[in-house]
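Hydrogens, waters and symmetry mates are skipped; everything else that's a heavy atom, side chains included, is used.
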Amino acid sequence: MNTPNQSRPTVAAVEQLTNNATSWMGHRRSDNKEIVMGQTFIAPSEGDLEAIEVFSSIVTQPGQVAMTLHTFDPQLQSWGPSLGSATVEFNHTCNNKWVAFKILGLHLAKGMSYGFRLESHDSYVGVGEAAGSAKQPPFASGKEWRFTSNDKKGDAFAYYSLAFKVGLKAA
């Protein structure tokens, strides 16, 4: 007797949905710099990664946006090597929509810190973010990061957070 294959549901394991500001990433034509945005988070549960979504506020220059997922060391504030990546074509139909980056084949461990980076060599995209304050950060278990082509170390901001969702299939 064959029983149907019951797949595990995808759940938003960690998310930050507030979108009250915009952060820019990609190729900035005014000074020819590449701006890379990042977001760190702690996995609150164990599971297989299905996708990470970001909120695309506005696409001013269409093109390809790449997302890479990394381990992250919160004590040293350092990014590990890329664990996986996905690329999505952004255009004007992405304005004010959630866009999914399907990074399949990765298992996230409960309590571990991770970070994702968004970069593009040919587009310029406004990504939704939450702006808070030092006393009231918008997202307690991570920080927003900003890198430029001449600053590979980057800067972290606890009072900002990208608008994102991490979809996992529970273990």
_Shared hydrophobic cluster for V88 and W24 (ILVMFWY, side-chain gaps under 4.5 Å)_ = yes
*Could you state the interatomic distance from CZ (R146) to CD1 (I35), rounded to the nearest 0.5 Å?*
4.5 Å
_Test side chain to side chain contact (heavy atoms under 4.5 Å, CB included) applied to S123 - qualifying residues, sequence neighbours left out_ = V65, S120, V125
_Between F90 and W98, is there shared hydrophobic-cluster membership here, with clusters defined by ILVMFWY side-chain heavy atoms closer than 4.5 Å?_
no
*Applying the 4.5 Å side-chain criterion to the ILVMFWY set and letting contacts propagate, would L83 and L118 be lumped into a single cluster?*
yes
*Give the other cluster members for F72, using side-chain heavy-atom distances under 4.5 Å between Ile, Leu, Val, Met, Phe, Trp and Tyr residues; answer none if it is isolated.*
V36, W79, W145, F147
_Please give me the minimum heavy-atom distance between A13 and L168, naming the atom from each residue._
CB-CD1, 3.4 Å
*Among all residues two or more places apart in sequence or in another chain, which pass the side-chain hydrogen bond (donor to acceptor under 3.5 Å, both in side chains) test with N91?*
T93
*If you measure from CD on Q77 to OG on S113, what distance do you get to the nearest 0.5 Å?*
9.5 Å
*By side-chain hydrogen bond (donor to acceptor under 3.5 Å, both in side chains), which residues pair with Q39, not counting sequence neighbours?*
S161
_With sequence neighbours excluded, residues passing side chain to side chain contact (heavy atoms under 4.5 Å, CB included) with S85_ = T68
*Applying side-chain hydrogen bond (donor to acceptor under 3.5 Å, both in side chains), name anything that partners H27, two or more places apart in sequence or on another chain.*
N32, E34
*Output the distance between atom OG (S23) and atom CD (E144), rounded to the nearest 0.5 Å.*
4.5 Å
_Let me confirm one number: the CE-CZ distance from M67 to F116, rounded to the nearest 0.5 Å._
4.5 Å
*Identify, with sequence neighbours excluded, every residue that meets side chain to side chain contact (heavy atoms under 4.5 Å, CB included) alongside A43.*
L108, Y114
*Under the side chain to side chain contact (heavy atoms under 4.5 Å, CB included) criterion, do L162 and Q16 qualify, and how do the steps go?*
CA-CA 7 Å; L162 294 181; Q16 192 297 107; over 6 Å; no
*Partner residues of H107 under the side-chain hydrogen bond (donor to acceptor under 3.5 Å, both in side chains) criterion, sequence neighbours left out*: E46, D48
*Hydrophobic cluster of L104, others only, ordered by chain and residue number, side-chain cut-off 4.5 Å*: none
*Out of curiosity, H92 NE2 to T60 OG1, how far, rounded to the nearest 0.5 Å?*
8.0 Å
*Measure across D122 and Q61 and return the closest heavy-atom pair with its distance rounded to 0.1 Å.*
O-CG, 3.3 Å
Expected list for residues 49-58: side-chain donor-acceptor pairs under 3.5 angstrom, two or more places apart:
unit_1 : atom_1 : unit_2 : atom_2 : d
S56    : OG     : C94    : O      : 3.2
S57    : OG     : G128   : N      : 3.3

*Counting only heavy atoms not in Y160, do more than 12 sit closer than 6.0 Å to its OH atom?*
no
*asked:* Show every salt bridge (Lys or Arg N to Asp or Glu O under 4.0 Å) that has at least one partner inside residues 12-30, sequence neighbours left out.
replied: R28-D31
*asked:* For V14, give me all partners under side chain to side chain contact (heavy atoms under 4.5 Å, CB included), at least two apart in sequence or on another chain.
replied: F41, P44, F139, F164, V166
